[in-house]
Amino acid sequence: MAATKTLLTLENFIGGKFLPCNSYIDSYDPSTGEVYCRVPDSGKAEIEAAVEAARDAFPGWSARSPQERSQVLTQLADLLEESLEEFAQAEAKDQGKTITLARTVDIPRAVQNFRFFASSILHHTSECTQMEPVGCLHYTVRTPVGIAGLISPWNLPLYLLTWKIAPAMAAGNTVIAKPSELTSVTAWMLCKLLPKAGVPPGVVNIVFGTGPRVGEALVSHPEVPVISFTGSQPTAERITQLSAPHCKKLSLELGGKNPAIIFEDANLEECIPATVRSSFANQGEICLCTSRIFVQKSIYSEFLKRFVEATRKWKVGIPSDPSASMGALISKAHLEKVRSYVKKACAEGAQILCGEGVDKLSLPPRNQAGYFMLPTVITGIKDESCCMKEEIFGPVTCVVPFDSEEEVIKRANNVKYGLAATVWSSNVGRVHRVAKKLQSGLVWTNCWLIRELNLPFGGMKSSGIGREGAKDSYDFFTEIKTITVKH
Ligand SMILES: NC(=O)C1=CN([C@@H]2O[C@H](COP(=O)(O)OP(=O)(O)OC[C@H]3O[C@@H](n4cnc5c(N)ncnc54)[C@H](O)[C@@H]3O)[C@@H](O)[C@H]2O)C=CC1
Ligand SMILES: N/C(=C\C=C\C(=O)O)C(=O)O
């Protein structure tokens, strides 16, 4: 009992009020393996309450002009920015990522998400055509869909949650968001800013808990016509099944098995540090991370030597260490899953060039039970291996050689996923040619993760359905109507 009192205890935010829950889930600090927080274990009753609040708030919020909604979003961005350091500290503790990443990427991007959609909502136009022979004018109008159900994962908690909340609100919907039960703290902190920013009660409701309990209650609710989800493919399948009887609008942003293709004319000075980052940023827990590196044979040995050297400099440290490049993985179960892939690779006869099982990890005594592992490079592995086919979602990357452009395109496309790829070459023609042939929703050439938020973001094949971005998110969170006027 005494220990429970010291734990941070979160509450649901429904209808503009913080409400306690009947039961709670333990949430762990990934850097120590200790429980430090209690997250509401919500279910159907909490979703019913959130639907009621969102339904009541919808007429008022949807009737506001885009300019009025834009002002509220801008105010929210300003408030979040004022508390950037507090949010970054909380995100690093809750997720295990480095404070540097939380400070420079996660929270600034969450601020940017609100600012971006506050601005983009002001610039949409509608279509209009004339039919002179029959004297008709046709035009389109867009209206918000209604109550939006938003489900986000644990890897980029506030960054991905706000990437959904901001466009849904901007378009005039009311929202019920369910963050991951593993990383709920910054979403709860955001709730405290909502009234201060002028968000009316019920416009944004945040309900915490597990996928099977509260996630499914949200997805199955008949009054929630639109679901935006980022997470794993099996969960997306379940959401699709539950949504089918209601014909819900779905946006599914799922995993990847992202290739980096490195041609012999690549600028290795730039390519090597960028590929270390694309493989191991955020502990490799980003759906866009590189996990298959194809290197042209003539530079294979040189690349491998320099890549391993650079990987060994990618420092694993506790999240508060400003010199760390990588922190702890999200959970014990996830750490074990990631390690199991390295074991499988070894059993198949692959070589581990650095990291897990090869190098020694040094951690302060307090963090020995944390979920840390070293960035790991595997080679001598076949394309058919599970390490080359399945999403590992951790600091593990495979490096293999290739001969020709045609061959590497075929091999890069030979997985069920199609999210992101990088191509490294100084031949402009080749860069365009290869990018066009890759089955991938995003291709970065001679760079990685430079985001233009206006343009479509999302994957092909098993990497998802739909796109997010200025126009794409607006289209998704609105219904279009064609009106014909005979004059
Ligand atoms: N964007 C991405 O590509 C992500 C991929 N993953 C992949 O998924 C694997 C498993 O991670 P998880 O956290 O288990 O991902 P997940 O897909 O289960 O979780 C994502 C979100 O969905 C919710 N959820 C889970 N089951 C649900 C259900 N039946 N109905 C409604 N919502 C549900 C979760 O509570 C969480 O908020 C990772 O190892 C990684 O490979 C995980 C997170 C993000
Ligand atoms: N969806 C994910 C990353 C998105 C990044 C971005 O929008 O810039 C993910 O890792 O799940």
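Position 1 is the first residue of the sequence; numbering continues from there. One-based numbering, in listed order, for ligands and for the atoms of each.
- Distances below 4.0 Å separate heavy atoms of Thr230 from the following atoms of ligand 1: 1 (N), 20 (C).
- When each of Tyr28, Tyr341, Trp154, Phe372 is tested with His334 by the rule ring pair (Phe, Tyr, Trp, His ring centres under 6.0 Å), just one qualifies, namely Trp154.
- No part of Gln233 comes within 4.0 Å of ligand 1, judged by heavy-atom distances.
- Within the set Phe229, Phe208, Phe393, the minimum heavy-atom distance to atom 4 (C) of ligand 1 is found for Phe393.
- Within ligand 1, counting atoms from 1 as listed, the ones closer than 4.0 Å to a heavy atom of Pro153 are 43 (C), 44 (C).
- Some N or O of Thr235 is nearer than 3.5 Å to an N or O of ligand 1, by distance alone.
- Close contacts of ligand 2 with Leu160, meaning ligand atoms under 4.0 Å from a residue heavy atom, involve 1 (N), 2 (C), 3 (C), 4 (C), 9 (C), 11 (O).
- Residue Lys249 places its NZ atom among more than 12 non-hydrogen atoms of other residues, nucleotides or ligands, all under 6.0 Å distant.
- Residue Arg238 touches ligand 1 through its side chain alone, judged by heavy-atom distances below 4.0 Å.
- A side-chain donor-acceptor contact under 3.5 Å links Asp94 and Tyr36.
- Under 3.5 Å, the side chains of Thr275 and Ser278 contain no donor-acceptor pair of N or O atoms.
- Comment: Lys389 does not engage Asp383 in a salt bridge, judged by the lack of any side-chain N to carboxylate O separation of less than 4.0 angstrom.
- Ranked by closest heavy atom to atom 39 (O) of ligand 1, the top entry among Gln241, Glu390, Lys337 is Lys337.
- Applying the 4.0 Å criterion to heavy atoms of Gly255 picks out, from ligand 1, the atoms 3 (O).
- Ranking the protein heavy atoms by distance from atom 23 (C) of ligand 1 puts Ile151 CG2, 3.7 Å first.
- With 3.5 Å as the limit, one finds no donor-acceptor pair spanning the side chains of Asn258 and Thr290.
- Listed by number with element, the atoms of ligand 1 under 4.0 angstrom from any heavy atom of Trp154 are 11 (O), 12 (P), 13 (O).
- Near His334, with a cut-off below 4.0 Å to any heavy atom, the atoms of ligand 1 are 39 (O).
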Verdict with reasoning, Ser243 to Thr240, per side chain to side chain donor-acceptor pair (under 3.5 Å): CA-CA 5 Å; Ser243 309; Thr240 307; over 6 Å; no

Apply side chain to side chain donor-acceptor pair (under 3.5 Å) to residues Lys257 and Ser291 and explain how you reach the verdict. CA-CA 6 Å; Lys257 190 69 198 170; Ser291 61; 3.3 Å; yes

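- In terms of protein heavy atoms, atom 7 (C) of ligand 1 is closest to Glu391 OE1, 3.4 Å.
- Among all non-hydrogen protein atoms, the one lying nearest atom 10 (C) of ligand 1 is Ser232 CB, 4.2 Å.
- Of all the heavy atoms of Arg109, the ones lying under 4.0 Å from any atom of ligand 2 belong exclusively to the side chain.
- Judged by distance alone, the side chain of Gln368 and the main-chain N or O of Leu363 form a donor-acceptor pair under 3.5 Å.
- With a 4.0 Å heavy-atom cut-off, ligand 2 is reached by the side chain of Glu253 but not by its N, CA, C or O.
- Taking any N or O of Asn155, backbone or side chain, at least one lies under 3.5 Å from an N or O belonging to ligand 2.
- Applying the 4.0 Å criterion to heavy atoms of Leu156 picks out, from ligand 2, the atoms 3 (C), 10 (O).
- Distance alone, capped at 3.5 Å, places no donor-acceptor pair between the Ser220 side chain and the Leu242 backbone.
- Using a cut-off of 4.0 Å between Lys/Arg side-chain N and Asp/Glu carboxylate O, Glu48 and Lys44 are scored as not salt-bridged.
- Which parts of ligand 2 touch Tyr159 is read off a 4.0 Å heavy-atom cut-off, strictly below it: atoms 5 (C), 6 (C), 7 (O), 8 (O).
- Distance check on atom 26 (N) of ligand 1: some protein heavy atom falls below the 4.0 Å cut-off.
- An N or O contact shorter than 3.5 Å is missing between Thr210 and ligand 1 by distance.
- The option from Pro153, Gly469, Cys287 that lies nearest to atom 2 (C) of ligand 2, judged by heavy atoms, is Cys287.
- For atom 4 (C) of ligand 2, the nearest protein heavy atom (residue, atom name, distance) is Phe457 CZ, 3.5 Å.
- Numbered from 1 in the order shown, with element, the atoms of ligand 2 that lie under 4.0 Å from a heavy atom of Leu288 read 5 (C).
- If you check which protein heavy atom lies closest to atom 3 (O) of ligand 1, you get Cys287 CB, 3.0 Å.
- Nearest non-hydrogen protein atom to atom 33 (C) of ligand 1 is Gly211 CA, 3.2 Å.
- Looking at Leu254 against ligand 1, only its backbone comes within 4.0 Å, counting heavy atoms.
- The distance from ligand 1 to the heavy atoms of Glu181 drops below 4.0 Å at these ligand atoms: 34 (C), 35 (O).
- Under 4.0 angstrom from ligand 1, there are no non-hydrogen atoms of Pro234.
- Residues Gln241 and Glu237 have side chains that never bring a donor and an acceptor to within less than 3.5 angstrom of each other.
- Of the charged side-chain nitrogens involved, none lies within less than 4.0 Å of a carboxylate oxygen, so that Glu348 and Lys382 do not count as a salt-bridged pair.
- No donor-acceptor pair under 3.5 Å is formed between the side chain of His246 and the backbone N or O of Lys248.
- Summarising the local packing, NZ of Lys461 is surrounded by more than 12 heavy atoms from other residues, nucleotides or ligands at distances under 6.0 Å.
- Glu91 and Lys97 are not joined by a salt bridge, as no carboxylate oxygen comes within less than 4.0 angstrom of a charged side-chain nitrogen.
- Between Asp475 and Arg467 no salt bridge is recorded (no basic side-chain N to carboxylate O distance below 4.0 Å).
- Phe117 pairs with exactly one of Trp163, Tyr474, Phe477 by the ring pair (Phe, Tyr, Trp, His ring centres under 6.0 Å) rule, that one being Trp163.
- At least one N/O-N/O distance between Glu216 and ligand 1 falls below 3.5 Å.
- Against a heavy-atom cut-off of under 4.0 Å, Gly215 is close to the following atoms of ligand 1: 30 (N), 31 (C), 32 (N).
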Start with the C-alpha gap between Glu181 and Ser27, add the side-chain angles, then the distance that decides, and say whether side-chain contact (heavy atoms from CB on, under 4.5 Å) holds. CA-CA 8 Å; Glu181 63 278 22; Ser27 182; over 6 Å; no

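- Applying the 4.0 Å criterion to heavy atoms of Thr230 picks out, from ligand 2, the atoms 1 (N), 11 (O).
- Near Arg451, meaning under 4.0 Å from any of its heavy atoms, are these atoms of ligand 2: 6 (C), 7 (O), 8 (O).
- Close approach of ligand 1 to Ser152 is summarised as follows: ligand atoms under 4.0 Å from at least one heavy atom of the residue are 21 (C), 36 (C), 37 (O).
- Distance alone, capped at 3.5 Å, places no donor-acceptor pair between the Glu285 side chain and the Asn155 backbone.
- Closer than 4.0 Å to atom 19 (O) of ligand 1 lies none of the heavy atoms of the protein.
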